[in-house]
Amino acid sequence: MKINRRQLLKLIGAATFGMTLPEELLHALPKEGEWIPYEEYWSTGICLQCPGGCGLRIRSIMRWPVKLEGIKDYPINKGRLCPKGQSGLQVLYDPDRVRHPLKRKGKRGEGNWEKISWEEGIDLVTQRLKTLRQEGNPHHLMLLGGRYRGHMAELMARFMEAYGSPNHLGNPVRGSEGILKGHLFTMGVKDFLATHWEKVNYVLSFGTSLLEASRPSLRNLWGYGFLRRGRPGIRGKMVQIEPRFSVTASKADQWVPIQPGTDGALALGIAYWIIQEKKYDYPFIDRYTFGFNDWKDSDGKTHMGFKTLVLKEYSPKQVSSLTGVPEETIARIAQEFSSHLPSIAITGRGVGMQTNGTYAQMAVDCLNALVGSIDHPGGVLLQRKPPFKKWPAIQRDGIAEKSLSKPRLDGAGNLPFPFADEIPSNLLERIQKGTSYPIDTLLLYYTNPLFSLPEPETFRNVIERIPFIVSFSPFMDETTMFSDLVLPDGTYFERWQDDHVEPGLGFPMFGLRSPTLDKPLYDTRNTGDVIIHIAKRIGGSVGKSFPWKDFQEALKEATKGIFVTKRGSVQAKDFDEFWKVLIERGGWWDSFYPFGEWREKFNTPSGKFEFYSLTMERALKEVSKRNRKGLDQILKEMKVEARGDKVFLPHFERPRWVGEEKEFPFYLIHYKLMTTAEGRGANQPFLQEILGPHLKEKWDSWVEINPETAQKMGIQDGDFIWVESNTGKLRGKARVFPGAHPNVIHIPYGQGHKAYGRWAKGRGMNPNDILVREYDYLGGFVSPFSTRVKVYKA
Amino acid sequence: MYRWGMVIDLDKCTGCQACVIACRQENNVSFAGEKESKLGRAKFWMNLVSEVKGNYPDVEMRFIPIPCMHCDRPPCTIVCPVAATYKNPEGIVAQVYPRCIGVRMCISNCPYSVRYFNWYEPTWPEEYKKGFNPDVYQRRKGITEKCNFCIQRIRKAKEKAKREKRRIREGEVIPACVETCPSEAIYFGDLNDSKSQVSKLSKSRRAFRLLEEMGTEPKVYYLKEGEWNGG
């Protein structure tokens with residue numbers, strides 16, 4: 001069915017012809033008739049300023065979007081938007097967008113481009129990819145993806161598999177892998193968990209940027225308001241554990257400053273008190289968990305349980321000396337956490353950005369288990385997925401089969417990263433050591449590694465060796481600047497795309513992004529369409545894997561799975577009607593969460609919540625067998641200190657830092673602001689102008705330093721200083737901030753772009769530039785908070 | 001007669017500034033750019049003001065969103081020599097842009113610093129102009145502008161209510177800042193209607209107004225943070 005968009009929108013969006021006149025003008029203008037009536041209509045979309053996935057109601061006047069609001073009944077944002085969401089039209093109307101396909105003319109990175117047609121651009125890629133396949137080398141293709149939303153992740157993975165390359169680096173949660181790995185080892189779930197704000201009474205937050213950059217942001221902001229005054233007579237309590245006094249810390253009832261990298265120890269110290277005082281949820285532990293007490297395996301060997309370990313090693317006294325948190329505070333938090341039920345312990349990127357991130361997350365998960373706040377009202381919930389129809393099987397020919405068996409170039413899945421899904425930061429070392437094959441072509445989708453990876457210079461070394469780079473970015477970001485061909489996607493107002501929600505509700509839901517404008521503002525194309533087009537042009541089994549005309553058709557097929565269930569917020573007689581209403585509502589959801597169902601069958605070897613991770617034990621044994629190395633040897637390579645049963649239990653591993661304390665006395669911890677979140681907001685003047693309200697900073701970045709520390713070093717507020725690590729240095733304005741930890745230098749993340757349009761370029765500094773790559777090998781991710789620095793006056 | 005008022009619950013406010021940007025997009029408020037905004041010339045009809053004090057680890061940080069207070073006894077209107085600013089019958093302190101001649105007395109007389117002067121012609125990249133709200137007048141260099149509780153929205157709602165021969169319903173008209181507030185911390189409505197949420201909240205034990213002692217009678221109320229005690 002062909003839909004005339006304008007007609008459709010008029011139907012659905014209460015089109016009105018209105019005469020309006022601002023009241024203040026009544027006094028100045030003689031005649032009302034001088035005003036031209038305008039055509040107004042409302043349509044829906046999904047925001048993409050962060051991964052939150054908020055539903056948008058878009059007000060358009062004479063074709064052009066003029067204002068964004070939230071969709072009133074959209075569960076994740078309930079009609080509300082954050083400042084980034086509100087500033088979304090500055091993404092659409094960004095004057096520095098890539099307006100048509102571009103081919104590099106001058107040297108790489110010079111910014112000298114030639115305008116080409118889409119046909120020429122697609123020809124260039126297709127020819128190259130065809131040749132690679134003819135030579136039997138499809139594995140020489142690498143795809144680096146970032147903000148995949150909805151089925152784009154599957155579409156791109158499908159393309160790589162059908163084409164025949166194992167080199168798909170497509171982790172949409174780069175920077176938060178530690179949380180996922182922790183959940184995997186304790187609960188067998190590779191996803192974030194939702195917070196049940198409606199019922200929770202006590203929130204224990206381990207460094208979650210709840211009010212700045214959490215996911216899903218709007219759900220959590222709403223949750224905060226609801227916690228405070230949503231229920232008459234009940235004002236929920238919140239405790240924030242974090243070295244820096246953040247916005248979240250300022251809004252919490254209690255802020256607990258902590259030594260960086262010791263969150264896991266504190267969680268275990270709290271567990272100690274709860275176990276010691278027998279305040280844990282005995283029925284939950286008895287029925288739904290494994291490894292709390294010592295246990296015997298099938299060979300009759302006794303293994304240590306969580307209780308024994310915690311009582312032995314994590315008394316408040318021991319924990320206090322590790323974390324710097326007073327013993328009384330630990331006891332009080334534990335007492336409150338175990339009595340103000342339902343209570344919940346949550347984490348954020350801070351915990352997962354240390355070398356001990358995975359174990360720290362496991363320890364926090366155990367706190368939720370101790371109080372039974374898993375899959376329970378007021379606890380953490382498992383995010384259910386919508387019942388999409390599966391796309392037809394991927395076709396693989398002989399060439400694809402052969403190349404897919406080649407080792408990945410980034411080394412993910414092999415020692416020392418046996419559990420990593422991808423390790424882009426590791427590419428340089430791997431390539432320098434001499435990999436078995438080169439990268440010929442790199443595709444970039446919604447990611448900007450030359451800005452967002454720690455030590456971006458190392459990545460520059462990697463991509464300098466790649467002969468052909470294609471970027472699908474709508475913006476001229478750092479990495480796109482460095483590419484050879486740009487096939488620009490439109491912005492999120494101009495394309496068909498579904499959008500999953502980040503775990504926040506528990507119940508299944510998805511959003512549908514439909515083009516707001518009848519055609520894209522510029523000569524851009526949906527990357528989904530372009531990939532399908534390229535696949536078809538390559539032909540053979542690759543083309544056959546994409547039996548759709550375009551991405552919209554592929555989406556329709558997937559949503560048919562939901563249509564047939566006849567459940568949830570959108571139901572219709574026939575599919576065309578269903579699709580139409582889906583566009584009108586902006587998405588689909590089924591607001592029923594089956595409490596208590598998940599805890600009956602965790603996806604772990606024991607089927608229970610695992611204090612003692614059998615998941616990890618089995619996986620490590622598998623690695624040992626595959627590599628013909630003993631467990632101890634493997635642990636040594638993965639830099640895990642513990643041995644024996646302790647390896648599989650949440651425990652505290654000392655964080656590793658890069659840089660000697662003597663020379664580099666400070667930790668460098670960057671943080672996120674509400675206005676920048678992922679560093680993608682820097683090209684929007686509205687956001688630049690309200691950047692850091694706590695220090696009244698705008699259009700710039702700054703280095704936060706503790707007042708006493710600053711005084712000792714003779715640094716005044718506003719002085720320019722150098723922040724130096726053993727890989728580089730940054731010059732920035734010092735801001736003396738009492739919320740800065742005495743031993744930590746804090747820099748907000750998001751500025752310091754070397755490209756990305758007129759408002760972002762050449763402004764402030766990017767902390768990534770001086771971060772040194774260190775890893776949580778167990779979790780398989782780079783740990784950006786492991787760098788030590790020194791500071792001195794510039 | 002309506003009497004429009006606003007209540008901002010500081011216990012719910014997260015300092016996110018969604019209200020600030022929603023206001024700018026709704027009311028075609030231009031950005032000032034780096035140089036001018038560092039000189040304090042950026043226009044924020046809704047402005048988030050912050051305060052940080054104390055020493056680590058006893059630090060305090062407060063955020064407070066400040067729109068025009070729409071005083072019942074506004075000090076700004078009485079000093080305008082050309083009657084460009086006035087309190088309308090529904091209590092909104094409005095600005096008639098074509099009349100304003102840029103004397104700026106109103107700005108210096110406002111104790112809340114919520115009036116903004118156009119030191120330059122507002123600059124917009126050509127592309128952004130497509131996103132202008134046609135309901136809001138474009139200001140030029142040399143005049144003062146300010147929050148007007150999104151008067152264009154009130155007006156639309158009134159026209160609709162008039163056509164349907166009824167009063168505006170509770171919640172039917174909300175300024176852009178209220179509509180977007182993620183934690184639902186801002187309320188808007190008719191203070192004359194004793195059943196409206198703003199009426200009730202303005203009488204809460206947590207309610208206070210800024211610089212109340214000056215006798216300006218603001219119609220923006222704040223609710224302070226803290227435990228439940230009768231509202």
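Lettering follows sequence order; numbering is per chain, from 1.
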If one checks every heavy atom of A/Lys237 against chain B at 4.5 Å, the contacting part turns out to be neither
I'd like to verify something: which residue of B/Ser50, B/Gly15, B/Ala176 has the highest number of heavy-atom pairs under 4.5 Å with chain A?
B/Ser50
Under the side-chain contact (heavy atoms from CB on, under 4.5 Å) test, which residues partner B/Cys23, sequence neighbours left out?
B/Asn27, B/Trp45, B/Met46
Please confirm whether the ring centroid of B/Phe188 lies under 6.0 Å from the ring centroid of B/Phe149.
yes
Centre-to-centre under 6.0 Å for B/Phe132 and B/Trp124, is that the case here?
yes
Any salt bridge linking B/Arg206 with B/Asp9? Criterion: basic side-chain nitrogen under 4.0 Å from a carboxylate oxygen.
yes
Against chain B, work out which of A/Phe737, A/Trp222, A/Tyr93, A/Trp759 has the most heavy-atom pairs shorter than 4.5 Å and name it.
A/Tyr93
Under 4.5 Å from any heavy atom of chain B - which part of A/Phe686:
both
Report the C-alpha separation of B/Tyr222 and B/Asp11 in whole Å, then their side-chain angles, then the decisive distance to 0.1 Å, and conclude whether the side-chain hydrogen bond (donor to acceptor under 3.5 Å, both in side chains) test is met.
CA-CA 10 Å; B/Tyr222 293 91; B/Asp11 205 18; over 6 Å; no
With a 4.5 angstrom heavy-atom cut-off, could you sort out which part of A/Ala249 is near chain B: side chain, backbone, both or neither?
neither
So, the part of B/Val29 with a heavy atom under 4.5 Å from chain A: the answer is backbone
Cation over ring face, B/Lys38 and A/Trp699, 6.0 Å, 45°:
no
Report the option among B/Pro57, B/Gly54, B/Ala42 that has the most heavy-atom pairs separated by less than 4.5 Å from atoms of chain A.
B/Pro57
Under 4.5 Å to a heavy atom of chain A? For B/Ala32 that would be both
When B/Ser30, B/Ala185, B/Ala22, B/Ser183 are compared by non-hydrogen pairs under 4.5 Å with chain A, the top option:
B/Ala22
Chain A contact via B/Phe31 - which portion, at a heavy-atom distance below 4.5 Å
both
Does any heavy atom of chain B fall under 4.5 Å from the side chain of A/Glu69, the backbone, both, or neither of them?
side chain
Less than 4.5 Å to any heavy atom of chain B: does that hold for the side chain of A/Asp94, its backbone, both, or neither?
backbone
Ring center gap for B/Phe63 and A/His694 short of 6.0 angstrom:
no
Heavy-atom pair count under 4.5 Å with chain B, highest-scoring of A/Pro257, A/Gly223, A/Gly233
A/Gly233
A/Gln688, part contacting chain B, at a heavy-atom distance under 4.5 Å:
neither
Please classify the contact between B/Ile154 and chain A as side chain, backbone, both or neither, with a heavy-atom cut-off of under 4.5 Å.
neither
